[in-house]
Amino acid sequence: MIQVIDNNFAIQTKNTTYAFRVLPTGQLEHLYYGTKITLRSADDFGALCEQYAMAPGNTVAYDEKNNISLENIRFELSSYGKGDIREPYIDIKYPDGSRTSDLIFEEAHVLTEKHMYDTLPCSYDDGTFTKMPTQTLKITLKDRSHDVRLELYYSNFLETDVITRQTVLVNETKECIVINRIMSNQIDFEDSGYVFSSFSGAWAREMNRKDTILNGGKIVNSSYTGTSSNRANPFVMISRPGTDEDKGDCYGFNLVYSGNHYECMEISGFNKTRFVQGINPETFEYRVNAGERFEAPEAVMTFSDKGFNGMSHGLHTFVREHIVRGFWKHLNRPVLINSWEACYFDVTERKLLNLARKAKDAGIELFVLDDGWFGTRDDDTTSLGDWIANASKLPGGLEGLSHKIRSLGMNFGIWVEPEMVNEKSHLYKRHPEWVLKNPNTPHSTGRNQMILDLGQQIVRDYMIDSMSEVFSSGEISYVKWDMNRNISDYFSQDENINAGEVAHKYVLGLYDVMKTLSERFPEILFEGCSSGGNRFDLGILSYFPQIWASDNTDPVCRATIQNGLSYGYPQSVIGAHVSASPNHQTLRRTPLNTRFNVASMGLLGYELNLGDLTSEENKAIKDEITLYKALRDTLQWGELYRGRNFDDSEYTEWTIVAPDKSKAVTILIQNQVKPNMPMRKVYIKGLDPARRYTLKNVEQKQNLRDFGDLINNISPVHIKQDSWVYHALDRLKKLDGEKEQISGYGDSFAKAGVFLKQGFAGVGFNDEVAYFQDHCSRMYITETEE
Ligand code: GLA
């Protein structure tokens, strides 16, 4: 519900309230965002208003009549120039050279539907999830001294407790104005001491949650890579100290945007906290001509007083129902095999078909041909831009290979990196003017490649044509769309694009291309990728229903990466693969079932040489895929609950609960074993508290070889470790692992937890003891009793 009472406004979601009003001076004063409250009259709003009598000393008084200082007021949006010296929402350079804006309320309307953008992706409501259409509150403001208007659109995704905010700047002057900064969201909190949580990292080390309590100064989370970046995801959280997964007040903020972004939290001299989020203003300088509109990326916000899990649940539903769209929106995602870590660039039809046959035997549904298939792409120095299959590697081209894969009974998909070009390519020779580079200075490359200037229409047209040709050149049902370098040398060779506009125009161009292609090929399942998770954001998810989370497939690292992602993104958008051991990024050895367990908490795929595995391993993979398929509805679409994680525990623990709460799948992973630890426990959150359930583990057979020389404690004759007898015995004899079967009520499983069989601790082993050593994990399935 959206309430408009005189000049007071409230957006009431299921469990939260967002309130603001028009100040007597005309600006919008932020009043409240938090747990749902009752507001029925203007007086009720009055209780939320700070009562100013006069401007504090050494502050700027707004005007002669109004002795108030904008420096100490909570605003919906702010600007420099009239006394507010905190982070501004907008900074516009007017034709007269002035940079002072003062945006004054003009009118408010409640729209009966979600407001949509023309140039940028945004959330939507197709009526399939909501009971009532998503209402939007439109507020129009006008600058006091210039013909510039600002439209704010607050949309109420009531059921998910998410509110989105869109900002449109309209230049009604007769001249060009320049935007130096335009934010997408601003929240002014009345106090300080909040925890700012951001998700930072680098390639193959994405999404590490970092918490900072802010009592003074400011903290910034931003990207300048041209992408939303693996250095600093645009998703951030603000919480009260002491908030944990299951209790406490917390806010989640995100941006529907894939380019340079900026999140800043600042404490004012009066101990208020300001949070702003939007396009990174660093070097941003965007011209808006007379009569033009500028759309700022849509901001997404949510609040929960039920801890981080509560916050995530609203966001997960919102992303699933109001960001991801198209044919694949609600469809189960296939189990895939990707050729990258199995072949790297060395792809040949023979090798690929061998891999495909093995994959088919294992129950895999989709075969993905990754990099190396086009031009003379034998390494990463060449051929990006030349999207023609290499005839000696694939004699029948993509078409021939796709038919062969199809006839094995699998779907076929490919990898492309359309935004890039190598200097060593036919495309670059033909069109050096199409890349982002200043022809008068030396250019810096990343992974030997340059970036096509998507701000140029001609480049976008080429990209749409060349990709349409590739996607039609065989039976292609999946595309992995990669982007493997960051923008440097921000410079367009199109003289109509200024350096300060390059980054944003690139993103706009990208969206144009993604929109056209995803609509032209509606049934292709697109997976976004940018060196793994360098562009994991809601902009990409508005066109591509899933994203490859990280080039790091080590399950121990993945536990942290996927845990980080899960705060803001549901598991149904997170690509996760089982790969070889030792892992190619960390050289760590991990059990196959741990690799499977972690990957199955995302969208399961495989990325290794199945042909090099033992028959025992291939059998295990087949069994795991069978299990995954049986649990797929729950795993991909259930509600995920985080438990402990490696940041402050030896365990990472996740539970996914089926929508009807009849079933839950939990995984528990251990980082490092220590003997004589407290008894192990698992907590199964999210079940129906009043229903009785039974928990069972997915049993693991145990290898003799895992006990090394200790097998001599039970062997009548001495067996030398690693001798052929030792290995022969290991093949012949598997030990039974522990079997768990425990019943109890949903509330008990969540709050008291479930004690598990003792872990091996150097004093003996039998089937009452769990082999649970470094990086071991278990999957537990909890079901209601009939
Ligand atoms: C990037 C991707 C990988 C793989 C390679 C291919 O690094 O993230 O998954 O596709 O490119 O070059």
Side-chain angles (χ1 to χ4, degrees), residues 201-207 225-231 233 258 336-347 351-352 355 366-387 389-390 393 398 412-422 424-425 445-451 467 470 476 478-486 525-537 540 544 546-554 557-558 561-562 565 573-580 583-586 595 599 602-609:
W203 174 75
R205 195 166 40 73
E206 296 89 346
M207 294 305 285
T225 50
T227 59
S228 45
S229 101
N230 47 30
R231 320 299 204 268
N233 196 273
S258 311
L336 64 82
I337 175 100
N338 177 296
S339 66
W340 181 240
E341 288 194 18
C343 310
Y344 291 104
F345 295 101
D346 190 14
V347 292
K351 259 175 109 169
L352 295 171
L355 184 61
L366 168 69
F367 183 90
V368 179
L369 168 56
D370 207 280
D371 201 348
W373 59 267
F374 50 92
T376 52
R377 183 86 171 160
D378 297 326
D379 55 38
D380 64 12
T381 62
T382 167
S383 297
L384 290 172
D386 300 342
W387 298 107
N390 179 301
K393 292 181 180 181
L398 287 178
F412 177 70
I414 47 153
W415 176 97
V416 289
E417 195 179 353
E419 299 158 66
M420 298 291 156
V421 62
N422 286 113
K424 278 201 250 164
S425 69
T445 56
R447 211 193 187 200
N448 310 300
Q449 57 203 51
M450 289 187 263
I451 306 178
M467 284 303 119
V470 173
I476 292 171
Y478 163 104
V479 167
K480 176 173 168 192
W481 181 297
D482 210 339
M483 192 281 193
N484 280 316
R485 71 156 288 191
N486 296 323
L525 172 60
F526 285 94
E527 177 156 347
C529 173
S530 179
S531 301
N534 193 37
R535 211 164 53 180
F536 204 114
D537 60 66
I540 297 298
F544 298 168
Q546 59 190 61
I547 302 178
W548 177 229
S550 175
D551 278 355
N552 190 339
T553 50
D554 177 317
C557 298
R558 270 290 182 136
I561 295 167
Q562 290 174 210
L565 280 170
V573 305
I574 300 174
H577 297 174
V578 172
S579 63
N583 175 271
H584 288 195
Q585 293 78 44
T586 60
R595 285 173 269 152
L603 301 168
L604 178 68
Y606 286 77
E607 191 166 334
L608 75 172
N609 256 311

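All values below were derived from every heavy atom in this structure, side-chain atoms included, with hydrogens, water molecules and symmetry-related copies excluded. We count ligands from 1, going down the list as the structure has it; atoms in each ligand are counted the same way.
Counting atoms of ligand 1 from 1 in the listed order, those under 4.0 Å from a heavy atom of C529 are 2 (C), 8 (O). Ligand 1 places these atoms under 4.0 Å from at least one heavy atom of W548: 8 (O), 9 (O). Numbered from 1 in the order shown, with element, the atoms of ligand 1 that lie under 4.0 Å from a heavy atom of S531 read 8 (O).
In this model, a donor atom of one side chain and an acceptor atom of the other lie less than 3.5 Å apart for D537 and S258.
Shown are T376, T381, T382; of these, the side-chain hydrogen bond (donor to acceptor under 3.5 Å, both in side chains) with D379 is made only by T381. Each of D551, D370, T553 was compared with E341 under the side-chain contact (heavy atoms from CB on, under 4.5 Å) criterion, and only T553 meets it.
When only non-hydrogen protein atoms are considered, atom 9 (O) of ligand 1 lies nearest to K480 NZ, 2.7 Å. The closest protein non-hydrogen atom to atom 8 (O) of ligand 1 is D551 OD1, 2.5 Å. The protein heavy atom nearest to atom 4 (C) of ligand 1 is D370 OD1, 3.4 Å. Residue, atom and distance of the protein heavy atom nearest to atom 12 (O) of ligand 1 are D371 OD2, 2.6 Å.
Taking the six-membered ring where tryptophan is involved, the planes of W340 and F345 are perpendicular, since the angle between them exceeds 60° and thus also 30°. W415 and F374 have parallel rings, their planes meeting at less than 30° on a 0 to 90° scale where 60° marks the start of perpendicular.
Put simply, the side chain of I540 does not reach to within 4.5 Å of the side chain of F526, judged on heavy atoms.
Here D482 has side-chain heavy atoms under 4.0 Å from ligand 1, and that is the only part of it that gets that close. Of the heavy atoms in N484, only side-chain atoms (C-beta onward) come closer than 4.0 Å to ligand 1. Of all the heavy atoms of E417, none lies under 4.0 Å from any atom of ligand 1, so neither backbone nor side chain is involved.
Taking 4.0 Å as the cut-off between side-chain N and carboxylate O, R485 and D380 do not count as a salt-bridged pair.
Residue-to-ligand polar distances keep F345 apart from ligand 1: every N/O pair is separated by 3.5 Å or more.
Applying the ring-ring contact (aromatic ring centres under 6.0 Å, His included) criterion to W548, with sequence neighbours excluded, gives H577.
At a 4.0 Å cut-off, at least one heavy atom of R447 sits close enough to ligand 1 to count as contact.
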